[in-house]
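Accompanying notes for the structure given below.
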Amino acid sequence: MNVDGEKMSKSKGNIYTISDIEEKTFDPIVLRYLYLTAHYRTHLNFTWEALEASRRAYMQLCEIVGEIVTRPSSRSMLSAEKLQQVDVYRARFTDAIT
């Protein structure tokens, strides 16, 4: 991981803790989101601007999910037979992941 273009190291003093992140009013989940945006074989360059962009992207994602969750269900558009099949697959999926 890089910090402002330089390798992160204690000797350079460019290490940030979760407490440092929280002091700057960032939720640790935003830091996690930033980590998830980087490809695993590339170096992530941590900057406060990148963390701020990550916060905006995360909040936008939360808004989209919130809209989907509060949207009226369109399940009634399916036939009773299709709804039953959906419920069977949902139960099988839940069993497979638990």
Side-chain angles (χ1 to χ4, degrees):
M1 176 181 273
N2 295 330
V3 176
D4 293 324
E6 294 184 9
K7 185 176 178 182
M8 180 187 283
S9 69
K10 278 186 175 180
S11 62
K12 291 182 181 180
N14 61 356
I15 292 180
Y16 297 109
T17 64
I18 296 296
S19 298
D20 297 331
I21 303 295
E22 290 175 327
E23 284 177 14
K24 297 256 185 185
T25 69
F26 288 99
D27 190 327
I29 192 99
V30 173
L31 181 62
R32 184 181 296 177
Y33 187 80
L34 175 65
Y35 291 154
L36 291 172
T37 62
H39 188 271
Y40 74 100
R41 289 192 179 190
T42 61
H43 290 281
L44 176 66
N45 187 34
F46 176 88
T47 62
W48 293 109
E49 294 81 18
L51 194 58
E52 180 60 40
S54 201
R55 177 179 9 208
R56 287 191 305 270
Y58 177 74
M59 296 308 288
Q60 186 176 20
L61 182 63
C62 288
E63 288 177 19
I64 291 169
V65 169
E67 289 174 11
I68 291 170
V69 168
T70 58
R71 186 179 303 157
S73 175
S74 60
R75 284 181 55 101
S76 60
M77 295 172 49
L78 298 175
S79 68
E81 180 182 313
K82 297 283 185 185
L83 286 173
Q84 186 178 7
Q85 288 177 335
V86 167
D87 290 335
V88 167
Y89 288 123
R90 181 177 288 126
R92 287 176 51 194
F93 176 78
T94 303
D95 289 343
I97 63 170
T98 55

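When a residue number appears, it is its place in the shown sequence, counting from 1. Because the structure is a prediction, the values reported are computed rather than measured.
There is no path of hydrophobic side-chain contacts, each under 4.5 Å, that joins L51 to L36.
By the side chain to side chain contact (heavy atoms under 4.5 Å, CB included) test, L44 is found to be paired with M1, L34, Y35, A38, residues two or more places apart in sequence or in another chain being considered. Residues passing the side chain to side chain contact (heavy atoms under 4.5 Å, CB included) test with T98, sequence neighbours excluded: T94. Partners of E63 under the side chain to side chain contact (heavy atoms under 4.5 Å, CB included) rule, at least two apart in sequence or in another chain, do not exist in this structure. Considering only residues two or more places apart in sequence or on other chains, R56 meets the salt bridge (Lys or Arg N to Asp or Glu O under 4.0 Å) condition with E52. Taking S9 as the reference, S11 meet the side chain to side chain donor-acceptor pair (under 3.5 Å) condition, with sequence neighbours excluded.
For the pair H43 and N2, the tightest heavy-atom approach, listed with the atom from each and the gap, is CB-ND2, 3.8 Å. Scanning both residues, T25 and R55, for their nearest heavy atoms gives O-NH1, 2.9 Å. Pairing each heavy atom of M8 with each of V3, the nearest pair is CE-CG2, 3.4 Å.
With a 4.5 Å cut-off between side-chain heavy atoms of Ile, Leu, Val, Met, Phe, Trp and Tyr, the cluster of I97 takes in F93. Taking Ile, Leu, Val, Met, Phe, Trp and Tyr as hydrophobic and joining them when side-chain heavy atoms fall under 4.5 Å apart, one finds Y40 isolated, its cluster having no other members. Annotation for I64: hydrophobic cluster partners, listed by chain and number, are I68 (ILVMFWY side-chain heavy atoms under 4.5 Å, direct or chained).
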Does V30 form a side-chain contact (heavy atoms from CB on, under 4.5 Å) with I21? I'd like the steps, not just the answer. CA-CA 10 Å; V30 173; I21 303 295; over 6 Å; no
Take D87 and R90 through the test side-chain contact (heavy atoms from CB on, under 4.5 Å) and record every step on the way to the result. CA-CA 5 Å; D87 290 335; R90 181 177 288 126; 3.3 Å; yes
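No more than 12 heavy atoms of other residues, nucleotides or ligands lie within 6.0 Å of NZ in K10, so this atom counts as exposed by the packing criterion.
The salt bridge (Lys or Arg N to Asp or Glu O under 4.0 Å) pairs that include a residue from residues 16-29 number zero, where partners must be two or more places apart or lie in different chains. Each ring-ring contact (aromatic ring centres under 6.0 Å, His included) pair with one or both residues in residues 8-30, not counting sequence neighbours, appears once here: Y16-F46, Y16-W48, F26-W48.
For R92 and D95, the salt-bridge test fails: no basic side-chain N is under 4.0 Å from an acidic carboxylate O.
If you take CZ on R32 and CD1 on I29, they are separated by 5.0 Å, rounding to the nearest 0.5 Å.
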